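Note that this is a predicted model, so its numbers are computed, not measured.
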Amino acid sequence: MIGSMHRDEMLHSAADASLLDAYSAAVIRAVEEVGPAVVRVEGRQGGGSGVVFTPDGFILTNSHVVGALADATAIKVTLPDGRLLPADLIGRDEDTDLAVLRIDGSRLPWARLGDSKAVRVGQVAVAIGNPYGFDHSVTSGVVSALGRSLRARSGRLMDDIIQTDASLNPGNSGGPLVTTAGEVIGVNTAMILPAQGICFAIASNTVRFVASRLMRDGRMRRSRIGVAGQQTTIPRSLARAHQMAVTSGVLVTGIEDNSPASRAGLRKGDVILGFGGTPVSGVDDLHRLLTAERIGSPAPVIVLRNGERRQLTVIPGESQRN
């Protein structure tokens, strides 16, 4: 009996060691694949991490990393081989916390952007970055959740965020979140300090879309109508009487002079219930609908004014904020 128990323990120990070796090998492969493309981004007042994603020197990082730099002309990038190079700011977008830089070079090591829609909860995730200035620090964990929403520093809601328990620290911002296949599935953006290891990354499909626009236009184009508002609840009796698809809307608390909203006849105190044929239950819904495609295109706006439902037509302009 004792011999049998001893053999079982040995078998379990061997199995555990095999699993650990397989896990270690998978993480090592990911680091060897992507690590050479991970850089440190520095300026006069701090910095963070970044990842080269094209062979001709385009780099992804966080907008807040670039925004923390006192002078955009002073951005420096340190490559894994120790070279310190000046970087040009191609564009940044506060609303998704992404920025694109470029350094001079050819045939640089670069990382592939994966398909974040193929990511599954529970799969291994590897974070590579430069926390506290320690180059190429690696942490690993799993994808904890998908489709999270996170408030950007601009105040706008970022959707489709990946949550992971791979440890991040100051300086990791802008670095890649990587699969064991060596594909970048996210750009690390934030951690919640009191939550003991809940960390977030911008999904690679969002990254791909925003980066392409920044490389083309130098900024993300979005539409605007020129209102300030807050979410408000619609009384149930009123919602039923008007057959509303929402039980809350956007209470207009202010309207900019000579804005699309003022020209359309919106008033302070109106409650926006729909925009462009889509129900609106809060400010975040309205933000999601104000895309670049809406610029200059008339759109119906459904409002509640003094208990009466009205339809107005607004022609959104282009937001000038980066």
Note to self: Tell me if a side-chain donor or acceptor on T253 pairs with a main-chain N or O of A228 at a distance below 3.5 Å.
What the structure shows: yes

- Message: Is there a side-chain contact between V271 and V250 in this structure, where contact means two heavy atoms from C-beta onward sitting under 4.5 Å apart?
- Response: no

M215 and I90 have their tightest heavy-atom pair at CA-CG2, 4.0 Å

Margin query: Could you check whether any side-chain heavy atom of L150 comes within less than 4.5 Å of a side-chain heavy atom of I202, counting everything from C-beta outward?
Written below: no

What one should report as the nearest heavy-atom pair of L251 and T232 is CB-CG2, 3.8 Å

(message) Check for me, please, whether I75 and L85 land in the same ILVMFWY cluster - side-chain distances under 4.5 Å, paths through other members count.
(response) yes

With heavy-atom distances below 4.5 Å as the criterion, would you say the side chains of R224 and S259 are in contact? yes

Review point. Going by atom types alone, do D93 and T96 pair a side-chain donor with an acceptor below 3.5 Å?
Key: yes

Output for pair (R92 CZ, L214 CG), nearest 0.5 Å, gives 10.5 Å

Side chain to side chain contact (heavy atoms under 4.5 Å, CB included) test vs V143 passes for just one of T164, I162, D165, namely I162

In this structure, OG1 of T61 is separated from CG of L98 (nearest 0.5 Å) by 9.0 Å

Salt bridge check: are R305 and D270 linked by an N-O gap of less than 4.0 Å? yes

*Return yes if a side-chain donor-acceptor contact under 3.5 Å exists between E42 and T78, otherwise no.*
yes

- Query: Can you check side-chain contact (heavy atoms from CB on, under 4.5 Å) on I272 and L286, steps first, answer last?
  - Reply: CA-CA 9 Å; I272 299 174; L286 189 56; 4.3 Å; yes

So, do L84 and K76 sit near enough that their side-chain heavy atoms are less than 4.5 Å apart? yes

Taking the side chain as everything from C-beta on, heavy atoms only, tell me whether L108 gets closer than 4.5 Å to I103. yes

Taking every heavy atom of P80 against every heavy atom of P36, the minimum-distance pair comes out as CG-O, 3.2 Å

The side-chain hydrogen bond (donor to acceptor under 3.5 Å, both in side chains) partners of R294 (sequence neighbours excluded) come to none

The reported gap from CD1 in I128 to OG1 in T139 (rounded to nearest 0.5 angstrom) is 9.0 Å

query: Are I198 and Q163 close enough that some pair of their side-chain heavy atoms sits under 4.5 Å apart?
result: yes

Can you check salt bridge (charged side-chain N to carboxylate O under 4.0 Å, His left out) on D97 and R153, steps first, answer last? CA-CA 8 Å; D97 197 23; R153 298 188 182 201; 5.5 Å; no

inquiry  = Are V314 and F275 packed together at the side-chain level, in the sense that at least one heavy-atom pair is separated by less than 4.5 angstrom?
reply    = yes

Taken in chain and number order and not counting sequence neighbours, the residues that satisfy side-chain hydrogen bond (donor to acceptor under 3.5 Å, both in side chains) with D285 are S281, R288

Heavy-atom nearest pair, S116 first then I185, reads CB-O, 4.0 Å

| task | Check the hydrophobic clustering (I, L, V, M, F, W, Y; side-chain heavy atoms under 4.5 Å; chains of links allowed) and say if V252 and I315 are grouped together. | result | no

E33 and R112 ion-paired at < 4.0 Å: yes

Could E256 and R263 be called an ion pair, given the rule that one side-chain N must be under 4.0 Å from one carboxylate O? no

Sequence neighbours excluded, the answer for side-chain hydrogen bond (donor to acceptor under 3.5 Å, both in side chains) partners of D284 is R151

*asked:* Please determine whether residues V138 and I28 belong to a single hydrophobic cluster, defined as Ile, Leu, Val, Met, Phe, Trp and Tyr linked transitively by side-chain heavy-atom distances below 4.5 Å.
replied: no

Does a salt bridge link R107 with D56, judged by any charged N lying under 4.0 Å from a carboxylate O?
no

* Any sub-3.5 Å donor-acceptor pair from T54's side-chain atoms to F58's backbone N or O? -> yes

side-chain contact (heavy atoms from CB on, under 4.5 Å) between V210 and M220, intermediate numbers included
CA-CA 7 Å; V210 173; M220 274 294 291; 3.9 Å; yes

| Would you say V142 and Y23 are hydrophobically clustered, going by side-chain heavy atoms of ILVMFWY under 4.5 Å? | no

*Could you check if a side-chain atom of V124 sits within less than 4.5 angstrom of a side-chain atom of T179, using non-hydrogen atoms only?*
no

Rounded to the nearest 0.5 Å, the OG atom of S204 sits from the CG atom of L177 at a distance of 9.5 Å

- Evaluation steps, side-chain contact (heavy atoms from CB on, under 4.5 Å), between I59 and V51: CA-CA 5 Å; I59 296 170; V51 59; 5.9 Å; no

Closest heavy-atom pair, V184 versus A111, reported as atoms and distance to 0.1 Å, is CG2-CB, 3.7 Å

Does any N or O in the side chain of D81 come within less than 3.5 Å of the main-chain N or O of R83, such that one atom is a donor and the other an acceptor?
yes

dist I225:CD1 -> I255:CD1 (nearest 0.5 Å) comes out at 8.5 Å

| field | Check: G114 main-chain N/O paired with R208 side-chain donor or acceptor under 3.5 Å | value | yes

> For the hydrophobic clusters of this structure (ILVMFWY residues joined by side-chain heavy atoms under 4.5 Å, transitively), does one cluster hold both V303 and I234?
Replying inline: no

- Item | Expected output: side-chain Q123 to main-chain R120 donor-acceptor under 3.5 Å | yes

In sequence, state the C-alpha distance, the side-chain angles, and the governing distance for L238 and L304, and then conclude on side-chain contact (heavy atoms from CB on, under 4.5 Å).
-> CA-CA 10 Å; L238 204 54; L304 193 65; 3.4 Å; yes

Heavy-atom closest pair (M158 atom, D95 atom, distance to 0.1 Å) is CG-O, 3.1 Å

Closer than 4.0 angstrom, basic N to acidic O: yes or no for E318 and R221?
yes

Q: Any chance you could lay out the side-chain hydrogen bond (donor to acceptor under 3.5 Å, both in side chains) test for S49 and N130, step after step, and finish with the verdict?
A: CA-CA 6 Å; S49 303; N130 306 291; 3.3 Å; yes

| field | Donor-acceptor under 3.5 Å (D115 side chain, N205 main chain) | value | no

Exercise for the section: Check whether any side-chain N or O of N62 sits under 3.5 Å from a backbone N or O of V65 as a donor-acceptor pair, and report yes or no. Expected result: no

Here the gap from L312 atom CG to R310 atom CZ, rounded to the nearest 0.5 Å, amounts to 7.5 Å

Any donor-acceptor N/O pair, T180 side chain to A30 backbone, under 3.5 Å
no

